[in-house]
Amino acid sequence: MTRVKKGVHALKRRRSVLKQTKGFRHGRSTKERQAKEALLHSGNYSFAHRKDKKSHNRKLWNIKINAGARELGMSYSKLIGALKAKNILLDRKILSDLAENNPTVFARVLENIK
C-alpha cells in the first residue's frame with residue numbers, strides 16, 4: 001500500500017477553520033483546537049437562535065404598528081381585527097414599515113378601515 005501524507009489536506013482544513021473564526025476573541029481565532037470548538041458552539045447558537053430572531057422581529061413589528069395606530073386614534077387589536085374583517089391582506093412586516101417610514105400611507109390604510 002502506498003504511503004499517504006496528509007499535509008495538503010490538513011493545511012487546507014486548518015486554514016478553513018481559522019478563516020471562519022476570524023474576528024473571534026483571544027485564542028479562538030488563532031489556535032486550531034480552540035477555533036474548532038468555538039465554531040461548533042457558534043453553529044449551535046446560530047441554529048438555536050434563528051427562530052428567536054423571527055419572534056423578536058415580530059414583537060418589534062407589533063410595537064411599531066401599535067405606536068402608529070395610537071397616533072391616529074386606534075388600538076393595535078382593533079386595527080388588526082378591522083383588517084381581517086375588511087379582508088385586507090397586509091402582513092405585520094409591511095404594516096410596521098408603513099407606520100415607521102410612510103405615515104401618510106399608513107393613515108390612508110386606517111381611513112380605508114374606518
Side-chain angles (χ1 to χ4, degrees):
M1 183 166 279
T2 57
R3 178 175 170 221
V4 177
K5 294 169 65 178
K6 58 182 179 183
V8 174
H9 298 293
L11 186 61
K12 187 174 181 183
R13 186 178 295 120
R14 188 175 302 122
R15 279 192 188 136
S16 168
V17 167
L18 291 176
K19 188 187 276 187
Q20 287 176 308
T21 57
K22 187 176 178 186
F24 285 19
R25 297 176 72 184
H26 311 301
R28 289 184 288 261
S29 66
T30 55
K31 296 175 182 166
E32 187 184 357
R33 187 181 292 177
Q34 288 182 14
K36 192 171 182 184
E37 193 171 324
L39 255 186
L40 290 173
H41 283 123
S42 70
N44 285 336
Y45 296 146
S46 64
F47 178 81
H49 296 142
R50 261 181 229 132
K51 284 201 172 67
D52 293 349
K53 184 168 65 171
K54 289 173 184 66
S55 73
H56 178 71
N57 284 337
R58 188 178 168 99
K59 284 176 191 167
L60 271 177
W61 297 336
N62 292 347
I63 290 166
K64 289 176 185 177
I65 294 168
N66 190 23
R70 289 206 185 263
E71 283 180 3
L72 301 169
M74 189 182 258
S75 72
Y76 171 81
S77 60
K78 288 187 177 162
L79 168 66
I80 296 297
L83 282 171
K84 291 206 190 289
K86 293 270 187 172
N87 206 15
I88 297 174
L89 301 173
L90 286 173
D91 62 354
R92 286 164 175 79
K93 183 178 180 180
I94 300 299
L95 281 171
S96 74
D97 187 50
L98 288 175
E100 188 178 15
N101 300 323
N102 302 324
T104 54
V105 177
F106 187 71
R108 249 189 278 154
V109 169
L110 258 69
E111 284 173 23
N112 261 352
I113 293 170
K114 288 181 182 176

> What distance do K78 atom NZ and K114 atom NZ have between them, rounded to the nearest 0.5 Å?
Replying inline: 11.0 Å
> Any idea which heavy atoms bring A35 and L18 closest together, and the distance?
Replying inline: CB-CD2, 3.9 Å
>> Tell me which pairs pass salt bridge (Lys or Arg N to Asp or Glu O under 4.0 Å) where either residue lies in residues 32-49, with sequence neighbours left out.
In response: R14-E32
> Can N112 and R108 be counted as having a side-chain donor-acceptor contact under 3.5 angstrom?
Replying inline: no
>> If hydrophobic residues (ILVMFWY) are linked whenever their side-chain heavy atoms come closer than 4.5 Å, directly or via other members, who joins I63 in its cluster?
In response: none
> Are any side-chain N or O atoms of S46 and backbone N or O atoms of S42, one a donor and one an acceptor, separated by less than 3.5 Å?
Replying inline: yes
> Are the side chain of H49 and the backbone of Y45 linked by a donor-acceptor contact shorter than 3.5 Å?
Replying inline: yes
>> Other members of the hydrophobic cluster containing I88, with the 4.5 Å side-chain heavy-atom rule, please.
In response: I65, L72, M74, Y76, L79, I80, L83, L90, I94, L95, L98, V105, F106, V109, L110, I113
>> If you compare all heavy atoms of W61 against all heavy atoms of K93, which two are closest, and at what distance to 0.1 Å?
In response: CZ2-CG, 3.6 Å
> Roughly how far, to the nearest 0.5 Å, is NZ of K19 from NZ of K22?
Replying inline: 9.0 Å
> What is the minimum heavy-atom distance between A99 and K64, and which atoms define it?
Replying inline: CB-O, 3.8 Å
> Can you tell me if NZ on K84 sees more than 12 non-hydrogen neighbours from other groups inside 6.0 Å?
Replying inline: no
